[in-house]
Structures are given as C-alpha cells and as structure tokens.
Amino acid sequence: MISPLRGMKDLTFDESQRFEYIIETASTIARRYGYGYIETPILEETALFKRSVGESSDIVGKEMYQFIDKGENDVCMRPEGTAGVVRAFISAKLDRQPNKQKFYYYGPMFRYEKPQKGRLREFHQFGCESFGEASVYEDFTIISMMAQIFDALGIKYELIINSLGCSECMPPYRENLVNFLTDIQKELCEDCNRRIVTNPIRVLDCKNGKCQSHLNLSPKLIDNLCEGCDDDFKELTRMLETAGIAYRIDTNLVRGLDYYNKSAFEFVSSEIGAQSSIAGGGRYDKLVEFLDGKPTPAVGFALGIERIMELVKMPEEQPEGYYMGAMTPEAIPTILTLATRKRLTDKVTIEYTSKGFKSHMKGVDKANPKYAVLIGEDELANGTVWVKDIETKEERVVKVEEL
RNA sequence: GUGGAUGUAGUUCAGUCGGUAGAGCGACAGUUUGUGGCACUGUAUGUCGCGGGUUCGAGCCCCGUCAUCCACCCCA
C-alpha cells in the first residue's frame with residue numbers, strides 16, 4: 001500500500017467539505033471588497049523567493065522544496081503566496097497601470113518542515129493582495145475583511161497588530177537596537193547572537209524565556225516611529241476601535257517574512273495547539289520595486305486553511321434531491337432513465353441492486369434526500385413510481401412521466 | 001534539526017505473568033416476505049507497522065527501522 005508523503009494529507013468527506021466551504025466563504029467576501037481571482041504557478045524560479053521572502057528567513061534558508069529541473073533551472077515549489085502574485089503583477093505590467101489592483105488566491109504551499117499539529121509540508125492558504133493603495137485605510141479594510149471572514153466561519157480569534165516602520169524610521173531604530181543587543185549579548189541565546197547580525201528585529205520575537213527577560217528594556221520601534229508611520233498606526237487603531245474590532249498591540253510581533261513594513265497583523269486562536277497563528281499579513285511597500293517593478297505600495301494577508309479547519313462551524317446539511325431504487329430487477333432500467341432525466345436539475349442517489357423495501361429505506365436515511373422514489377412489481381406493471389416526501393412523510397403514486 | 005509518546009479489525013481502543021486476538025462504534029443481514037431512523041438478534045473483517053533476535057512458544061521481551069502524534073524551533 002502506498003501512503004501519502006510525510007506531512008501531506010488527503011482530504012475527503014467532512015474535511016474536503018470544510019475545505020470547500022472555507023474557500024467559498026472567503027472568496028465571496030473578498031469579491032465584495034473588489035478582489036478578483038488570480039491563479040499563479042506553484043513552481044517558480046528559486047531567485048523569486050530568495051529575493052522576496054528573504055534569505056535570512058527559515059522558510060528560504062532551510063524549508064524549500066528546491067530542485068534543478070530537466071532544463072537545468074533552479075526552481076522551487078512555492079512556500080507562500082505573495083511572492084508569486086507580486087511577480088505575476090509585475091509580469092503583466094500592471095505596475096505601469098494607473099488603477100489599483102486587488103487579487104485573491106488560494107492553493108497549496110510547500111515547506112519542508114517536521115510535521116506536527118497545524119503544520120504540514122503541503123498546506124493551503126487563502127490570501128489577498130492589494131496593489132497601489134498607500135492609504136492606511138486599506139490596511140484597516142483588509143483587517144476588517146479578515147475579521148468578517150472569521151466571523152462568517154464562526155471562528156473566535158485574537159487580533160495582534162504592530163508597526164514595523166518604514167525606510168525612514170526603521171534603519172535608525174535598527175542601529176539603536178543592535179547597540180542595545182550588543183551590550184547584553186552575553187545574556188542572549190546562541191540563536192539570538194546570530195540574529196543580531198542577520199536580522200536583529202527577530203531577536204525581539206525570541207521564544208527563549210531568558211532572552212525575553214533581558215528584552216524588557218529594549219528600545220521599542222513603536223516609540224521611535226517617524227511622524228508618518230506614527231500617524232498611520234494611530235489612525236489604524238482608531239479605526240479598529242470605531243469598528244468594534246478588538247486588538248492587542250504586540251511590539252514584538254515581527255512577521256517571519258522579510259518584505260513587510262508599517263502595519264503588521266496576525267490573527268491567533270487559542271484552540272488549536274502550539275501553531276496558534278491562523279492568519280497573518282501586513283504592508284509591503286517596497287516589494288514590487290524590489291522585484292524590478294515600478295514602486296507600488298501594497299498590503300496583503302494569508303490565512304492557513306488547515307489551521308482553521310476544525311474551528312469552522314459548518315451550516316447544517318439540508319435534505320436534497322432524490323433517492324431512487326427498485327424492488328424488482330426488471331425496474332432498474334426505468335429507474336436509470338428517470339435518474340438521468342432528474343439529474344439535469346437535481347441531486348439523485350441511485351441504488352443499482354434490487355432489494356427489499358426496508359433495505360432501501362435504510363439507504364434513504366443515509367443519502368438524506370428530500371424524496372424517496374421506489375419501483376416495485378405493481379408500479380412497474382402500471383408505469384408508475386412510488387414517491388415519499390421524507391420530511392412530511394406524505395406518499396404518492398404517480399406516472400413515471402409526471403415525476 | 002532536537003526531544004517525548006504511540007503503532008492491534010473500516011474506526012476508537014482493550015489484550016493480565018510470554019501460551020498463535022477481543023469490545024464499542026460503523027458495515028451487512030434478519031426480527032411473518034411494501035413503511036425507514038429506535039430497539040433486539042445475528043454475520044463479516046486482522047501481514048498485531050516492517051525487519052531481525054531471545055524462547056519449546058512473542059501482540060507482549062531485546063535490537064534496528066519506518067510511520068504517526070505532541071512539544072521545541074519556525075510559521076499560515
């Protein structure tokens with residue numbers, strides 16, 4: 001027997017239904033906000049991810065499904081969705097159009113990690129990317145859209161926000177932070193010592209308790225934002241408050257991907273184990289030009305479908321369509337042609353083996369149809385079918401053509 | 001990459017001191033042959049993860065291996 005690869009899963013029945021429901025709900029809401037569907041390749045040139053996600057990140061550093069294809073191209077299976085969408089945006093020369101562009105996408109992502117609860121090697125994300133809108137109101141709109149999606153799915157969440165500053169206020173802060181960290185270097189863990197050089201901002205995010213205890217006094221970016229960033233962040237919090245969206249500011253919230261600036265946000269759930277982050281996003285104003293496009297501000301987010309799968313409250317299933325069966329073998333062809341006709345408009349469950357009434361009714365219970373349709377010897381002789389409305393329990397015998 | 005736990009029927013699990021497997025759920029059939037869901041009765045199903053070792057004898061003990069789960073880490 002061949003099993004699926006490590007960290008990859010088949011979805012069937014209840015799970016695949018939940019999956020579809022999440023996509024449908026999120027897509028419907030995204031369309032209301034003016035987003036159009038975009039589909040981009042799963043395989044991309046490795047350089048795309050190195051330049052966008054960043055070589056210092058674990059994702060690019062050690063988790064990519066990277067290989068040389070038969071044409072000797074260095075390629076990767078996408079570990080996240082934003083890079084590909086930005087690349088597509090630039091490839092289509094949309095960065096030279098004056099209008100704003102908004103895209104939503106969903107599909108599989110691949111990261112070669114050790115699997116555990118909420119962490120798979122092939123997982124699925126739903127995401128949105130908004131290009132050309134620099135206003136902080138777009139950041140707010142995206143966050144409220146995410147909140148709306150989670151509300152629609154019946155998922156409880158906590159929203160965490162932070163500002164990562166911009167190219168004006170981040171560099172001086174960064175220098176400031178490096179100085180601070182260098183002073184307390186001896187107290188920090190091995191990883192953090194490496195991060196001081198590679199990505200000092202991430203030290204703030206270290207899960208090591210000893211490190212955290214020394215970081216209390218670290219300079220906070222939130223206190224060192226430039227005027228523009230500060231105003232925007234304050235406006236964002238004001239808007240969230242008026243909208244009644246609860247949030248918590250976490251000055252240590254650092255998104256794991258290098259391309260973010262200004263607003264960063266994350267939705268977390270306390271009900272799904274250690275991998276508690278269910279969606280994340282933020283602004284990435286420099287990424288388009290970084291990937292050789294015309295400078296274009298952008299904001300986006302992605303949500304992890306598997307992470308919220310068990311949290312989703314599914315609507316109750318309604319009885320639908322017909323169950324058809326025969327109690328005499330000669331009636332099976334009649335049932336079949338009837339089913340074919342009905343399937344033009346309705347769901348039909350059909351049983352090909354002729355069997356007793358009771359057996360069929362058990363099949364009816366399983367199929368959960370609106371109507372049960374059976375043909376026995378009498379009906380076959382008269383050219384009729386027996387129909388029962390399962391909800392009202394009302395029974396009728398009608399001509400085959402009249403059904 | 002590091003650490004811990006677990007692999008027995010479709011599924012959830014039990015299996016004592018080592019004596020070649022059992023329950024619940026589900027499935028299927030039946031309870032006077034055409035009125036279901038409930039109940040009752042009955043039936044079927046196993047490479048005991050895989051490979052080796054110890055033993056008269058291994059689901060159980062030992063070694064290895066693979067997989068799953070959980071945590072660290074990372075992140076959606």
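Just so we're on the same page: letters track the sequence lines, and every chain starts at 1.
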Can we say [X] and [Y] salt-bridge, meaning some charged N sits less than 4.0 Å from an Asp/Glu carboxylate O?
X: A:K9; Y: A:E15; value: yes
X: A:K366; Y: A:E351; value: no
X: A:K262; Y: A:D139; value: no
X: A:E235; Y: A:R238; value: yes

Without hydrogens or angle criteria, can the side chains of A:E129 and A:T82 be said to hold a donor-acceptor pair below 3.5 Å?
->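 There is such a pair between these side chains.
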
Is any side-chain N or O of [X] under 3.5 Å from a base N or O of [N], one able to act as donor and the other as acceptor?
X: A:Q275; N: B:C74; value: yes
X: A:K358; N: B:U35; value: no
X: A:R119; N: B:C70; value: no
X: A:E377; N: B:G34; value: no

Taking only side-chain N and O atoms of [X], does any of them lie within less than 4.0 angstrom of OP1 or OP2 on [N]?
X: A:S359; N: B:A29; result: yes
X: A:Q116; N: B:C69; result: no
X: A:R111; N: B:C74; result: no

Any chance you could encode RNA chain B as dot-bracket? Rule is Watson-Crick or G-U wobble with both distances under 3.5 Å; [ ] for pairs crossing earlier ones, | for another strand.
-> (((((((..((((.....[..)))).(((((.......))))).....(((((..]....))))))))))))....

Would you mind classifying the nucleic acid contact of [X] as base, sugar-phosphate or nothing, using non-hydrogen atoms under 4.0 angstrom?
X: A:E395; value: base
X: A:I390; value: base
X: A:G7; value: sugar-phosphate

Same-atom distance ([atom1]) from [N] to [M], integer angstrom:
N: B:G3; M: B:G59; atom1: C1'; value: 28 Å
N: B:A14; M: B:C72; atom1: P; value: 26 Å
N: B:C17; M: B:A5; atom1: C1'; value: 26 Å

Tell me whether A:F123 is stacked on the nucleobase of B:A76, counting only the six-membered base ring and applying the 5.5 Å and 30° thresholds.
-> yes

Name every residue in residues 279-286 of chain A that has at least one heavy atom under 4.0 Å from any atom of RNA chain B, in order of residue number, or write none if there are no such residues.
-> A:A279, A:G280

Is there a donor-acceptor contact under 3.5 Å from the side chain of A:R78 to the main chain of A:G84?
-> no

With no hydrogens and no angle check, is any side-chain donor or acceptor of A:R119 less than 3.5 Å from a backbone partner on A:K114?
-> yes

Considering residues at least two apart in sequence or located in another chain, which fulfil the ring pair (Phe, Tyr, Trp, His ring centres under 6.0 Å) criterion with A:F301?
-> none

Are the aromatic ring centres of A:F150 and A:F267 under 6.0 angstrom apart?
-> yes

